[in-house]
Structures are given as C-alpha cells and as structure tokens.
Trainee: 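Below is a structure I'd like to ask you about.
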Amino acid sequence: TMKGLSFPQRLNYLALMLSWTTGVQKLILYYTPLLMLLTGVGPVADMTWHLVLITVFYVFTVWYTVKASGNGYGRLIDTEITQMATFWTQCRGTWRALFNRKSANFVVTQKSGGGRESSIHDFLRPQYTFIGCSIVSITWAASRYVLGVSEDFLGLSICSLLVLVHCVFAWIVIRRALAQRRFDWRHPCAAHISYELETPDGVQRGEGITKDLCETGVGFLAYEKLNGHELKMTITAGDTSVTVRGKICNWDSIVDYQS
C-alpha cells in the first residue's frame, strides 16, 4: 500500500481486495452447522480451552477491525445482515472470476439487479433455501435426540443457536426486501423542484426539494398539502433543469398543516 496510510485505512484496503471472496466463506459458515445437525458429525473433534481462546481472540479481532475501519461507527449486526443479503451473489462472482472468466462480459445492469419482468422472490431464493434447510436440519437433529439415537445435546444446542441466528438475519433480509414498494433504486438527491398541480379548483403552484430520484420516479418534500394527482414538475440542478409530467402515487404528511 501507499506510504502514509493509517492502520484503519490499510485494513479497509485489505478488506477491499478480499471482499469478493467473502461469499464463499459465508456459504461455508452458514451451512456447516446444518451439516452437523443432519449428520451428527462435528467440525471439531474435541472442544478444548485452547480452541475457545482462539475463537475468542478471533471474535475480538473481527470486532476491533470493524470498529477501527468504520471509525467507531461500524456495526457487526448490520455487516452480517448485508453479508446474508449478498453472499450468493458473491459466490457467483467468485465462480465466474476463477472458472468462467473468458465468457464474462462487463455489462451495466439496472440498479434493481435485473429486468422489470423479474420477481423480487427470484433474488430471495438463497434466503428462502437457507431457512427451509434450517427447519429440516433442526427438526431432524431434535428428532434423533428425542428418540435416543443421539446423545449430543451440547452439539445440538450450539448448532441450533447458530442456525437460528442466521435465520433471523435471513428473515430480516426477506422482510426488508418485501417491504420495498419500488423495484428501482432511488438515489438520494436534494434538488430544487417546482410543480403545477391540477386540482378541481384550478392549478396549484408550489416549490419543494427532492429527496430521491431514479429514471422512473422522484420523491420530494412540498411545503403545502397537495390536492390533486396529475402534475408538471421542473427539477433544477445548477444551470440544468428538466420538466416532466407525473402522477402522485403515494404521499404522507410529515407535519400538520396550519393556516
């Protein structure tokens, strides 16, 4: 790396170089407890204090790295939720980079991640699959313990706890994805907007400021209640302005209007 970089900056640089391989690591981490629950074979022969100390040191190192690279604002939970949302995409990218590089082409895709004919559920299949496999594996392992086939209650408890934590992350990803009303990503943007709104009483003119926008829509803050649906908007940024016609699809009152 370049001279003069601080230690957190060097950590960020290292993480940037290795980020594309994170999906494979997470795939192994997610499905190893499931395989143990299904087979009864643990990844570790003996749980010793030496191994516990190594694990604690690893967790502390990860925590410190997140805090240092994030200047104190890094959150492990948010990082894990992001990894749960993107691990399969990273796995596909790793496979393409290592084994299918010749047929790969650089394509600028839509910010939504696919065509508009695609369903949001297509992108959530990895999370659906993980939750389904988790239910099957926990049920299978619990049945083996109840029926006396297995006596490894400690392994069942630890693996089930890990699986349930990952299921919570997967459910958060699914819930947030299904809660989105828009298929296209809106870019946060604050620009001046003026509008002419067609109302039953005539034309209502006003000004506001945009919150976000994309090629199919815009969200903006108005300083008065909008009493119509069809409107003409002019968005101005610097010396450039664009005038378009639109329709109000959804609105919410942030403060009570008072005369």
Side-chain angles (χ1 to χ4, degrees), residues 1 5-34 54-95 97 109-114 118-135 137-138 158-190 211-214 219 252 254:
T1 58
L5 294 180
S6 63
F7 182 66
Q9 289 174 330
R10 296 180 185 276
L11 289 176
N12 278 309
Y13 187 82
L14 178 63
L16 179 63
M17 292 190 298
L18 301 178
S19 60
W20 62 282
T21 64
T22 306
V24 178
Q25 304 170 29
K26 288 299 180 180
L27 181 66
I28 297 174
L29 178 63
Y30 293 154
Y31 280 90
T32 296
L34 299 185
I54 293 176
T55 304
V56 172
F57 176 76
Y58 168 76
V59 172
F60 175 79
T61 303
V62 172
W63 174 82
Y64 173 78
T65 303
V66 171
K67 290 296 183 181
S69 60
N71 197 23
Y73 294 95
R75 289 175 55 88
L76 281 175
I77 294 180
D78 292 339
T79 301
E80 291 300 323
I81 293 174
T82 302
Q83 293 297 332
M84 174 58 71
T86 60
F87 79 94
W88 184 244
T89 302
Q90 292 176 338
C91 287
R92 295 177 61 184
T94 303
W95 174 267
T109 59
Q110 297 184 15
K111 299 303 182 292
S112 55
S118 302
S119 171
I120 188 64
H121 298 285
D122 295 337
F123 304 105
L124 295 174
R125 287 177 182 174
Q127 289 75 30
Y128 290 147
T129 302
F130 177 76
I131 292 178
C133 293
S134 299
I135 295 174
S137 61
I138 292 177
I158 295 176
C159 289
S160 297
L161 179 61
L162 290 174
V163 170
L164 290 176
V165 170
H166 293 152
C167 282
V168 171
F169 294 152
W171 171 247
I172 292 175
V173 172
I174 294 173
R175 181 173 58 86
R176 291 182 179 180
L178 297 180
Q180 295 294 326
R181 298 183 180 180
R182 307 187 185 105
F183 197 80
D184 293 298
W185 167 255
R186 288 284 183 89
H187 299 274
C189 176
K211 292 178 54 182
D212 47 49
L213 57 84
C214 65
D252 189 17
I254 300 178

Trainee: Not counting sequence neighbours, which residues clear side chain to side chain contact (heavy atoms under 4.5 Å, CB included) with Leu162? List them please.
Mentor: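 Residues passing side chain to side chain contact (heavy atoms under 4.5 Å, CB included) with Leu162: Pro33, Ile158.
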Trainee: Please round to the nearest 0.5 Å and tell me the distance separating atom CD of Gln127 and atom SG of Cys167.
Mentor: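 The distance works out to 11.0 Å.
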Trainee: Roughly how far, to the nearest 0.5 Å, is the CD1 atom of Ile174 from the CD1 atom of Ile131?
Mentor: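 Ile131 atom CD1 to Ile174 atom CD1 measures 4.0 Å (nearest 0.5 Å).
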Trainee: I would like to know whether Leu164 and Ile138 meet side chain to side chain contact (heavy atoms under 4.5 Å, CB included); could you show each step before the answer?
Mentor: CA-CA 9 Å; Leu164 290 176; Ile138 292 177; 3.9 Å; yes
Trainee: In terms of heavy-atom contacts, does OH of Tyr128 have more than 12 from other residues, nucleotides or ligands at under 6.0 Å?
Mentor: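 Counting neighbours around OH of Tyr128, more than 12 heavy atoms of other residues, nucleotides or ligands fall under 6.0 Å, so yes.
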Trainee: Tell me which donor-acceptor pairs under 3.5 Å the side chains of residues 54-62 have, and how far apart each pair is, sequence neighbours excluded?
Mentor:
from	atom 1	to	atom 2	distance (Å)
Thr55	OG1	Leu51	O	2.9
Thr61	OG1	Phe57	O	2.7

Trainee: Taking the side chain as everything from C-beta on, heavy atoms only, tell me whether Gln90 gets closer than 4.5 Å to Thr21.
Mentor: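 Answer no - side chains too far apart.
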Trainee: Return all side-chain donor-acceptor pairs below 3.5 angstrom for residues 76-84, not counting sequence neighbours, or 'none' if the list is empty.
Mentor:
from	atom 1	to	atom 2	distance (Å)
Asp78	OD2	Arg75	NE	2.9
Thr79	OG1	Arg75	O	2.9
Glu80	OE1	Lys26	NZ	2.9
Glu80	OE2	Lys26	NZ	3.0
Thr82	OG1	Asp78	O	2.9

Trainee: Going through the checks in order, is the side chain to side chain contact (heavy atoms under 4.5 Å, CB included) test met by Phe130 and Leu34?
Mentor: CA-CA 9 Å; Phe130 177 76; Leu34 299 185; 3.9 Å; yes
Trainee: Should the pair Tyr30 and His166 be assigned to parallel (<30°), tilted (30 to 60°) or perpendicular (>60°) ring geometry?
Mentor: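 Plane angle over 60°, so perpendicular.
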Trainee: I need the minimum non-hydrogen distance between Leu5 and Arg10, along with the two atoms involved.
Mentor: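 Scanning both residues completely, I find the closest heavy atoms to be O-NE, 3.3 Å.
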